[in-house]
Amino acid sequence: MSTEPPHQASPVGLRTRDDAPRPDRRPAHETAPAHPPTGPGTGPAGLLERLAHHIVRRPLLTLAASVLAVLTLVCGAVVWSSQPMSTGGYDATGTESARAEAVLTGQSGRVSPGLLLHLRAEGPIDSPKARADGLALARRVAGETGVVRADAYWTTRAPSLRSHDGRAALITVRLAGDEAEQTRIAARLVPRLTGRQGSLQVSAAGWAWARGQGAEQGARDLAVAEAVVAPVTLVILVVAFGSALAALFPLLIGGLTVAGTWATLHLLNQVMEVSAYSLNIATALGFGFAVDYALLIVTRYREERGRGLTGPGAVVAAAGTAGRSVAISAGVVILAFCAVWVMPFPWLRSMALAGVAVVALSALAGVVVLPALLALLGGRLGHRAATTSPGWRRVALWATRAPWLAGIGSAVLLAALMWPFAHARWGFADERSLPAHSEVRRTAETIRAGFPTHPDRDLVVVFATAPGTAAVDHYARRVAALPGVTQVTAPTGRYADGERLTPPGTTTPPTGAAPATQPTGAIPPPGSAAPSPRAATAPRDTGRAATAHAGGRPVSLTVSTRYAPQSQAAEDLVHHVRRLPAPGTHWVGGTPARQVDAEDALERRAPLAGLLIAVTTFVLLFLYTRSVLIPLKTLVLAALSLTACLGGMVYVFQDGHLRWLVGDFTATGWLDMTVPPLLCAIAFALTIDYEVFLLARIKEHYAAHGDHVAAIVSGIARTGRLVSVAALVFAVAMAGLATSGVVTLKIIGVGLALAVLVDATLVRGVLVPAFMRLTGDANWWAPAFLRRRRAPGRSPVRHEDHDTAGP
């Protein structure tokens with residue numbers, strides 16, 4: 001009579017209670033070897049088993065220590081977290097535009113005004129009362145701490161600062177510091193400067209103020225999402241587990257992970273720049289990954305109990321199988337996030353840091369805290385014999401019987417999702433990423449529609465050495481003659497259409513631009529507001545500035561254009577200005593140039609990031625599966641999933657479709673270029689997460705029985721329900737981001753929800769079994785010098801998969 005090979009003995013001396021033969025068992029020679037290991041093994045599984053062995057002996061101590069560690073982190077964050085999180089970091093570092101603006105300002109910050117004050121009068125803006133109140137406000141602004149320069153319509157007489165209807169004017173304010181510091185200064189100044197100011201009604205716009213408002217909106221959205229996501233997730237888990245207590249375990253792990261991540265990010269923010277949006281991303285990811293890992297381990301624990309192991313033995317067995325999958329998955333995900341560090345955007349790097357923290361804490365909670373909970377309360381969960389999903393079994397049977405049809409059909413569906421990606425356009429998020437009712441957005445739209453030009457359209461040309469007056473004059477005339485240039489302001493005068501309009505010494509700074517520096521002895525622009533004395537305390541890049549100053553002052557030209565900075569025309573103009581012969585070394589900056597440089601930097605760094613992710617993932621999956629083809633297949637299918645996800649985002653957010661489904665937003669005609677790298681890293685991590693879950697079951701069955709097709713069907717049937725529930729929970733967590741009023745967060749939420757659902761159904765349920773069926777036993781091929789000593793079908797297996805039904 002054939003009998004089942006004995007399970008590995010529990011480290012606490014507990015063995016299976018039911019050794020009676022079962023109908024689904026196979027002969028001993030078709031399953032595991034006669035002498036399976038009898039103690040914790042080596043490698044990741046053995047280490048996790050030994051860890052679980054110690055945890056089940058002292059579960060209360062483990063729980064107490066874990067909770068104490070998280071509480072210590074939280075208390076430390078509350079006590080020592082004095083620095084607000086950053087709302088900057090969107091500009092690419094190390095580019096020509098960054099160099100130009102650093103030379104001009106003497107620090108790492110934007111030269112364009114971070115704050116625009118819109119002043120509306122009851123009558124003509126040139127009336128004596130409006131003029132007096134406007135000048136008083138301008139002097140007050142110029143004297144504020146952190147203000148480098150304030151230019152008002154009444155001091156500069158620039159037509160661009162006066163509205164078309166003559167009833168409104170602007171004060172442009174350039175702030176000190178980097179992006180994050182300018183945002184903090186704007187948040188401090190705006191409440192004091194807006195509202196009723198004499199006869200003028202004042203409102204605020206500008207990129208620094210918009211960034212701050214976006215962070216506040218994100219914080220409000222986070223609170224709402226947390227209040228909605230947790231109850232919905234609990235309902236899903238109760239239905240999936242059939243037990244309220246079992247459903248609480250993943251929620252407890254998720255809550256502990258989110259709390260630990262929140263504290264970690266706040267503490268890290270004291271020593272480095274961490275984006276305020278990282279809290280939104282980390283909360284959603286922490287909840288999603290923690291629930292995924294807890295689902296896997298709790299499900300395996302209940303299966304082991306159903307096979308006859310006692311509670312402690314089942315905990316150790318789950319740690320050696322599901323715990324190993326969690327460790328491998330977390331390792332791949334962390335490496336994927338680390339690859340994002342090659343991107344030249346500080347915002348992305350802080351997002352990657354948040355991802356590493358949240359995944360590490362999720363995995364740690366899964367292999368430490370969850371075993372302790374199971375050791376204490378697992379006996380109340382009941383047990384469930386290894387079960388399969390009939391629906392997913394039928395899908396897997398169809399995919400393995402008709403692999404060409406399944407593969408081609410799935411590829412067509414993915415191609416339909418990928419198609420919009422062919423016309424993707426990239427830009428930077430502006431105030432239109434905020435809700436339509438926000439004041440900063442309404443003010444920005446009023447300025448855009450009611451004034452001749454917008455400061456974000458200006459280019460700045462900075463010279464490394466001071467050219468002669470004749471050379472500057474000749475160069476300024478050539479720049480002013482370029483199509484799309486409305487005006488050039490230089491130390492030698494103001495130019496338009498290739499001609500000089502004003503003599504030297506009478507230049508008028510355009511909207512919000514830094515004053516064109518005059519040659520030695522030249523008269524400064526009349527009526528310009530003096531820089532605040534406090535601004536002199538701003539950090540200076542003395543080494544860099546010294547190489548680009550003449551007589552201690554940088555020489556620059558401001559080029560006003562009629563093109564929106566995100567347009568193709570603006571990009572072409574930047575290239576024309578940079579190619580134009582100039583009197584000496586020079587750099588071109590300004591918002592349109594930042595856009596061009598950021599896109600170029602993204603195109604250069606993205607392949608490197610992709611290569612790093614591909615290589616590290618291949619190595620880890622090879623070590624896990626001992627297969628060359630399976631890691632390659634995983635990378636190819638992940639690339640298809642990511643492209644399909646990006647195509648969907650182009651269709652929705654760039655082209656403006658499906659507002660009824662994802663919520664109202666403004667389609668700008670492009671996607672924020674800093675979002676796709678983060679979106680791809682997270683989506684890739686999730687696809688690998690589910691792939692590891694599936695491969696663990698397929699490999700386990702194949703190692704025990706050596707039947708390739710049956711292993712595929714069994715793996716899909718055994719993980720289909722688990723992956724579906726995990727994907728649904730993650731999609732619900734992402735829905736918290738998708739409901740945000742900030743379009744950047746909405747894109748991330750919708751994109752990840754789409755990626756997870758497509759991967760968990762179409763890719764994992766149809767494409768993977770079809771592909772593996774076509775490639776057959778070649779899936780498990782590896783070069784001889786890398787191959788294990790024993791073939792997969794003959795290797796020892798401690799926890800045998802008894803589901804042998806195949807096609």
Side-chain angles (χ1 to χ4, degrees), residues 81-91 105 107-119 137-138 140-150 170-197 201-223 265-266 269-270 272-280 346-347 350 428-435 437-447 455-456 512 531-532 534-535 537-539 740-745:
S81 180
S82 58
Q83 184 81 359
M85 286 195 162
S86 170
T87 53
Y90 293 87
D91 294 338
T105 63
Q107 59 195 5
S108 58
R110 291 190 176 191
V111 70
S112 60
L115 187 60
L116 302 176
L117 298 179
H118 178 267
L119 296 77
L137 182 61
R140 179 181 163 193
V141 173
E144 290 282 356
T145 302
V147 174
V148 174
R149 180 180 178 87
L170 294 179
I171 297 177
T172 62
V173 186
R174 187 157 63 86
L175 305 172
D178 57 16
E179 289 180 83
E181 179 62 24
Q182 291 188 42
T183 302
R184 288 192 283 268
I185 294 172
R188 173 173 51 84
L189 293 180
V190 168
R192 303 209 301 260
L193 301 176
T194 53
R196 197 71 186 179
Q197 303 288 336
Q201 184 66 32
V202 183
S203 58
W207 65 264
W209 178 233
R211 293 271 179 86
Q213 291 297 286
E216 290 185 11
Q217 181 69 44
R220 291 192 294 269
D221 295 338
L222 176 61
L265 293 178
H266 273 87
N269 188 56
Q270 307 310 302
M272 62 177 295
E273 184 176 315
V274 178
S275 173
Y277 289 136
S278 65
L279 292 178
N280 298 74
W347 179 78
S350 68
F428 280 125
D430 54 24
E431 71 282 346
R432 286 172 289 182
S433 66
L434 296 175
H437 58 77
S438 64
E439 181 184 356
V440 61
R441 176 171 172 175
R442 292 200 307 268
T443 303
E445 290 175 344
T446 299
I447 294 173
D456 278 350
S532 166
R534 315 258 184 131
T537 62
S740 174
V742 181
V743 175
T744 299
L745 295 178

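Sequence positions, counted from 1, serve as the residue numbers for this chain.
R192 pairs by the side-chain contact (heavy atoms from CB on, under 4.5 Å) definition with R140, E144, R188, L189, not counting sequence neighbours. With sequence neighbours left out, E445 forms a salt bridge (Lys or Arg N to Asp or Glu O under 4.0 Å) with R441. In terms of the side-chain hydrogen bond (donor to acceptor under 3.5 Å, both in side chains) criterion, residue partners of R220 (sequence neighbours excluded) are, by chain and number, Q217. In this structure, T744 has no side-chain hydrogen bond (donor to acceptor under 3.5 Å, both in side chains) partners at least two apart in sequence or on a different chain. Residues passing the salt bridge (Lys or Arg N to Asp or Glu O under 4.0 Å) test with D221: none are found, sequence neighbours excluded. Residues meeting the side-chain contact (heavy atoms from CB on, under 4.5 Å) test with T194, sequence neighbours left out: V190, V202, A204.
Listed here is the closest heavy atom pair of P191 and A186: CD-O, 4.4 Å. Contact between L175 and A208 at its shortest, heavy atoms only, is CD1-CB, 4.3 Å. The two residues V141 and A150 have their closest heavy-atom pair at CG1-CB, 3.9 Å. In this structure, A210 and L434 approach most closely via the heavy-atom pair O-CD1, 3.9 Å. Among all heavy-atom pairs drawn from L265 and V274, the shortest one is O-CG2, 4.2 Å.
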#### Entry: Candidate pair R442 and E439, rule salt bridge (Lys or Arg N to Asp or Glu O under 4.0 Å), full reasoning
CA-CA 5 Å; R442 292 200 307 268; E439 181 184 356; 5.4 Å; no
### Task
Could you walk me through whether V173 and L116 pass side-chain contact (heavy atoms from CB on, under 4.5 Å), step by step?
CA-CA 6 Å; V173 186; L116 302 176; over 6 Å; no
### Message
Checking H118 against L170 for the side-chain contact (heavy atoms from CB on, under 4.5 Å) test, could you report, in this order, the C-alpha distance in whole Å, the side-chain angles of both residues, the deciding distance, and whether it holds?
### Response
CA-CA 5 Å; H118 178 267; L170 294 179; 4.1 Å; yes
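Atom OG of residue S278 and atom NE2 of residue H266 lie 8.0 Å apart, to the nearest 0.5 angstrom. Atom CG of L119 and atom CD1 of I171 lie 4.5 Å apart (nearest 0.5 Å). To the nearest 0.5 Å, atom CZ of residue R211 and atom OG of residue S433 are 9.0 Å apart.
A donor-acceptor pair under 3.5 Å is absent between the side-chain atoms of T443 and the main chain of V440, judged by distance alone.
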